[in-house]
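As structure tokens, the structure follows; a few thoughts come after it.
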Amino acid sequence: MQNLLIYLCVITVVAVFVTCIDKFAAVKKFYRVPERTLLIIAALGGGAGMYLTMKLIRHKTKKLKFMLGIPLIVVAQVAVILLINSYADYLSKIILF
């Protein structure tokens, strides 16, 4: 569980950093971070931090793909974690025989 928390902290920092870099690039008309990359980072666990950052710095807030997609990813991730947690004893018995 501790490793999961460390991972989520690291991926959240990455998500916030990449989102800020993309906002900076958009303002300066530099090379942008592909939308696919942003969505992959969200799917890897950085969705909550990315969504809050996007709202805070007003980045991609008009894109439905991000304003609906990222919260849906986060809800799905929370549901999976809760599901795994509720069946943790059962799953450990199956895996360990």
Side-chain angles (χ1 to χ4, degrees):
M1 186 64 150
Q2 184 179 4
N3 289 341
L4 176 63
L5 291 175
I6 292 170
Y7 170 78
L8 288 175
C9 287
V10 170
I11 195 69
T12 298
V13 169
V14 169
V16 168
F17 180 74
V18 172
T19 303
C20 291
I21 291 293
D22 190 50
K23 173 67 175 188
F24 178 79
V27 170
K28 296 292 185 179
K29 308 274 190 237
F30 292 156
Y31 174 77
R32 303 284 304 280
V33 176
E35 289 184 352
R36 180 179 178 190
T37 301
L38 294 171
L39 291 171
I40 288 171
I41 292 171
L44 290 174
M50 183 177 287
Y51 182 77
L52 291 173
T53 302
M54 286 179 169
K55 295 294 273 184
L56 188 66
I57 66 174
R58 295 184 181 148
H59 185 54
K60 296 200 179 285
T61 56
K62 294 182 181 178
K63 293 212 172 214
L64 197 59
K65 181 190 313 185
F66 288 93
M67 292 298 103
L68 284 180
I70 292 178
L72 287 174
I73 289 170
V74 172
V75 167
Q77 290 170 338
V78 169
V80 167
I81 289 171
L82 291 175
L83 187 67
I84 289 171
N85 192 37
S86 66
Y87 288 103
D89 290 337
Y90 177 72
L91 292 173
S92 66
K93 289 176 186 174
I94 291 174
I95 293 171
L96 298 175
F97 300 122

Can you measure from CD1 (I21) to CG (L38) and round to the nearest 0.5 angstrom? 11.5 Å
What heavy-atom pair brings G45 and T12 nearest, and what distance separates the two atoms? O-OG1, 4.1 Å
Going through the distances and angles, do F66 and T61 end up as a side chain to side chain contact (heavy atoms under 4.5 Å, CB included)? CA-CA 7 Å; F66 288 93; T61 56; over 6 Å; no
Heavy-atom closest pair (G46 atom, A15 atom, distance to 0.1 Å) is O-CB, 3.4 Å
Are L44 and L4 connected, step by step, through hydrophobic side chains (Ile, Leu, Val, Met, Phe, Trp, Tyr) whose heavy atoms are closer than 4.5 Å? yes
What closest approach, in Å, do T53 and C20 show between heavy atoms, and which atom pair accounts for it? CG2-SG, 3.9 Å
Would you confirm whether Q77, through its side chain, and A42, through its main-chain N or O, come within 3.5 Å as a donor-acceptor pair? yes
Which atom pair, heavy atoms only, marks the closest approach of Y31 to A25? O-CB, 3.3 Å
So, K55 side chain and M67 main chain: donor-acceptor pair closer than 3.5 Å or not? no
For the student: nearest non-hydrogen atoms of G49 and V16, plus distance: O-CG2, 3.8 Å
Find out if a path of hydrophobic residues (ILVMFWY) with successive side-chain heavy-atom gaps under 4.5 Å connects M54 to V18. yes
Shortest non-hydrogen contact from R58 to K23? O-NZ, 3.3 Å
Show your working on side chain to side chain contact (heavy atoms under 4.5 Å, CB included) between N3 and Y7 and close with a plain yes or no. CA-CA 6 Å; N3 289 341; Y7 170 78; over 6 Å; no
Single-linkage hydrophobic cluster L5~I81, side-chain heavy atoms < 4.5 angstrom: no
Does one hydrophobic cluster hold both M50 and V33, with members joined at side-chain heavy-atom distances below 4.5 Å? yes
If two hydrophobic side chains count as joined below 4.5 Å and joins carry through other members, does I57 share a cluster with I70? no
